[in-house]
**Q** 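Questions regarding the structure given below will be posed in turn.
Per chain, numbering begins at 1; letters A, B, ... match sequence-line order.
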2 protein chains.
Amino acid sequence: MDLSPAETPRGPLAGLRVLELGHYIAGPFCTRILADLGAEVVKLEPPGGDPFRGWGASVGGNSVWWSIHGRNKLCAEVDLKRAEGREAVRRLAARADVLVENFRPGTLERLGLGPEALRALNPRLVIARISGFGQDGPYRDKPAFGAIGEAMGGLRHLTGHPPGASDLPPPRCGVSIADDLAGLYAAIGLLAACWRRDGRGTGEGAVLDVSLVESVFSLMEGMLPEYGLFGRVRHPAGEAIPTAAPTNTYPTADGGWIVIAGNSDPIFRRLMALIGRDDLAEDPRLATNAGRCAHVAELDAAIAAWTRRHDALAAERLLEQAEVPACRLYTIRDCAEDPHFRARRAVQEVEDPLLGRVLHPGPAVHVSGHPPETVVGWTGPAVGAHNALVLETLAGLDAEAARAARGEERGEEVVR
Amino acid sequence: MDLSPAETPRGPLAGLRVLELGHYIAGPFCTRILADLGAEVVKLEPPGGDPFRGWGASVGGNSVWWSIHGRNKLCAEVDLKRAEGREAVRRLAARADVLVENFRPGTLERLGLGPEALRALNPRLVIARISGFGQDGPYRDKPAFGAIGEAMGGLRHLTGHPPGASDLPPPRCGVSIADDLAGLYAAIGLLAACWRRDGRGTGEGAVLDVSLVESVFSLMEGMLPEYGLFGRVRHPAGEAIPTAAPTNTYPTADGGWIVIAGNSDPIFRRLMALIGRDDLAEDPRLATNAGRCAHVAELDAAIAAWTRRHDALAAERLLEQAEVPACRLYTIRDCAEDPHFRARRAVQEVEDPLLGRVLHPGPAVHVSGHPPETVVGWTGPAVGAHNALVLETLAGLDAEAARAARGEERGEEVVR
């Protein structure tokens, strides 16, 4: 098996060797972004595979999300409870640039695979550790869940309707945001450490400590100094942006919603002309943003009276013609069928040997010299697809030791 | 003025020279993360400053959020409408490793500062471009707003309550998530390009193209292949996670909410014991996650009956004693006062010359050898604080040209 199935390197990280001891979302999301940028990512999974493979919709036992989450990775099974499995990790860590892990703090150390042990083998190794609460502090041993990271990092309190507007529990933002953010910060940290080691030439590795809680907390804008200075606590504001008007989410005739950002002076006048309310466009009370904020309810009612008479798509087209920024709330269907997404290769059709023809997202970062259509080298592979390549060719184990490392009995015939 | 006020370099990016032509959130958020990791960030602002400085709460005209958003940056004014201003950009780009910009596509080109012109001066330059819709495709010229990026990237549709549960418009997640995500992806892309240039030694620059829409869209989990294979469209699910039970957000006696993740078999039994419902713990219908999902309403009602009798903080403590993962919805006050945040230096008290004693978040990534308490070299500086350093020392303009570059008349006496 060729390590680089594509004719040309897929991205700027070609040649960077990443070892993933990850599971579920945060660690694997980090390495998927690196793999999309061309890194060699070796993912070690327990025998039978990352339990993530069983998540969500599947075809013939193969998770659909995995097609993306595992793409461009080399996947091998390793049983960390066996000495041969841990030896495989050591050998792969010795040749790696980076190790990414998201076990509970202390797990690697208990296995004899802590940073000290690994860096004794490979002083250049950069180790990125992702956990719920971080590698130290009083909560470090608590079990980590994305929902807890969202709640403790301050985001859950802000998502939802203003106090008193609804009896329903505050909603999630709808995706695994804490895990994703931690994965992105880990990628930033490890690339910074690699740049220092290889670009500045220090030759030194590093250990990075990224938590779900602090990753979420990093998005709290100016709230922390506001609290410190004024004792002010920000509460959820629903769909509104309290400091600008009119900008909001409005109901449409087909039961949908449309975001309209009509809050600059010229855009406001164009919007009022479109909805047949030139009287408001010319109202001196509403000539400035401050004045419009003071009468936001009246403005929102006038705009909603117009949006309710149009389906979301029709309203969006009329607003576009009037050069008023607007967007209906895209569902995944809207994204998949949109001409801009297709033109940017943000939506691509690829062949998945496990699933057939599937849609994949393009690269999150477009890099000159690496066309977006080359981002998918291969889709998330089957469990153990690269066992021989990883354990024998890369780790240098003989066939018997490789079988033992992946948890099969010595000498036993392997049948799949 | 010393370029590195701290005694020791603050992070792994010490020595990386970043030039920011950014405004508002996405570009400056990217460079703030880089500055926190030790990069030299030169921010060029229009005369009078980035309009962001007027956002939100302020003290004496100085924005509180800016204290964080501008920290560790060197800030100088440049008038891009003047030839001397554009010359300053060219000279600073010639000595930079990276340029980060978030103008509308085409703006730099119209100023004669497009990637071709800049890379003719400095072939090593890595240029990270952030925009609403990307540098190409049919929507590239539309005005970019974070709210539009959230809506078109698919997140707004997912945030909120299930269809029919509420008449209120779907809420925002509560923070500027599209801008933040684009800033993080730009940081990843530019560090990857710097690693290739300096670590692999190609010496080549690169141009990166990051959009708000695709940054949000990158978080859509397995939804795109699910739509492609099955035509399935995911809709908002409120606060619930439909595939596990019991895990939800429950009301408390003091009008608050608490997230409880009680969805593993042993945690479920401990949770039922705590709330005095051993009958449910022993009910064979509820022994597995699948069975609990089938009776989730009954379980949620039993748990809520218990949480309604306790204040949020008290409930959290009882759940912690029972080893059931739980967290109230932290407000910014909860974050600021929490012992774990303080122990991790995720909340730090620093002196801001413009505001006095303020609270700042610590580093999003903890890097070995760089203690988190060293992350704040200085707080967001005043407009033009580093005019002389940047324009004269770094760009090498004489005093008269520097005055002209920042939009002041030649020879005019400068009084501040």
**Q** Would you name the heavy atoms of A/Val259 and B/Arg156 that are closest together and state the gap between them?
**A**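 Closest approach of A/Val259 to B/Arg156: CG2-NH1, 3.7 Å.
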**Q** Is A/Thr331 in contact with chain B via its backbone, its side chain, both, or neither, using a 4.5 Å heavy-atom distance?
**A**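 Contact with chain B is through both the backbone and side chain of A/Thr331.
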**Q** Counting only heavy atoms closer than 4.5 Å, note whether A/Asp136 contacts chain B via side chain, backbone, both or neither.
**A**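 Both backbone and side chain.
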**Q** Check whether A/Tyr250 gets within reach of chain B through its side chain, its backbone, both or neither, counting any heavy atom under 4.5 Å.
**A**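 Neither part, no heavy atoms under 4.5 Å.
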**Q** So, B/Gln135 and A/His366: side-chain donor and acceptor under 3.5 Å apart, yes or no?
**A**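 Their side chains do not contain a donor-acceptor pair, so the 3.5 Å distance test is not met.
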**Q** Where does A/Pro236 contact chain B at under 4.5 Å (heavy atoms): side chain, backbone, both or neither?
**A**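 Interface part for A/Pro236: neither.
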**Q** For A/Ala151, is it the side chain, the backbone, both, or neither that has a heavy atom closer than 4.5 Å to a heavy atom of chain B?
**A**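 The answer is both parts of A/Ala151.
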**Q** Of the backbone (N, CA, C, O) and the side chain (C-beta and beyond), which part of A/Leu37 lies under 4.5 Å from a heavy atom of chain B, both, or neither?
**A**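 Side chain only.
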**Q** Report the option among A/Ile332, A/Val358, A/Ile258, A/Leu191 that has the most heavy-atom pairs separated by less than 4.5 Å from atoms of chain B.
**A**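 Highest number of pairs under 4.5 Å: A/Ile332.
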**Q** Can a donor-acceptor pair be found between the side chains of A/Glu320 and B/Tyr139 at a distance below 3.5 Å?
**A**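 Distance-only check fails for A/Glu320 and B/Tyr139.
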**Q** Side chain from CB out, backbone as N, CA, C, O: work out which of these in B/Tyr185 comes under 4.5 Å of a heavy atom of chain A, or both, or neither.
**A**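 Both parts, backbone and side chain.
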**Q** Heavy-atom distances under 4.5 Å only: say whether A/Ile33 touches chain B with side chain, backbone, both or neither.
**A**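 It is the side chain, since no backbone atom gets that close.
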**Q** Can you tell which part of B/His360 gets under 4.5 Å to a heavy atom of chain A, answering side chain, backbone, both or neither?
**A**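 The backbone, not the side chain.
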**Q** Which bit of A/Ala144 is near chain B, if near means a heavy-atom gap under 4.5 Å: side chain, backbone, both or neither?
**A**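 Neither part.
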**Q** Closer than 4.0 angstrom, basic N to acidic O: yes or no for B/Arg196 and A/Asp198?
**A**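 No, this pair does not count.
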**Q** If you tally heavy-atom pairs under 4.5 Å against chain B, which of A/Ser67, A/Pro169, A/Cys327, A/Ala39 wins?
**A**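 Heavy-atom pairs under 4.5 Å are most numerous for A/Pro169.
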**Q** Chain B heavy atoms under 4.5 Å from A/Arg342: which part of the residue, side chain, backbone, both or neither?
**A**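 Neither part; nothing is under 4.5 Å.
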**Q** Could you tell me whether a side-chain N or O of A/Glu221 sits under 3.5 Å from a main-chain N or O of B/Val175, the two making a donor and an acceptor?
**A**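 Checking the backbone N and O of B/Val175 against the side chain of A/Glu221, no donor-acceptor pair under 3.5 Å is found.
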**Q** Between B/Glu337 and A/Tyr227, does any side-chain donor sit less than 3.5 Å from a side-chain acceptor?
**A**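 Their side chains do contain a donor-acceptor pair, which is all the 3.5 Å distance test asks for.
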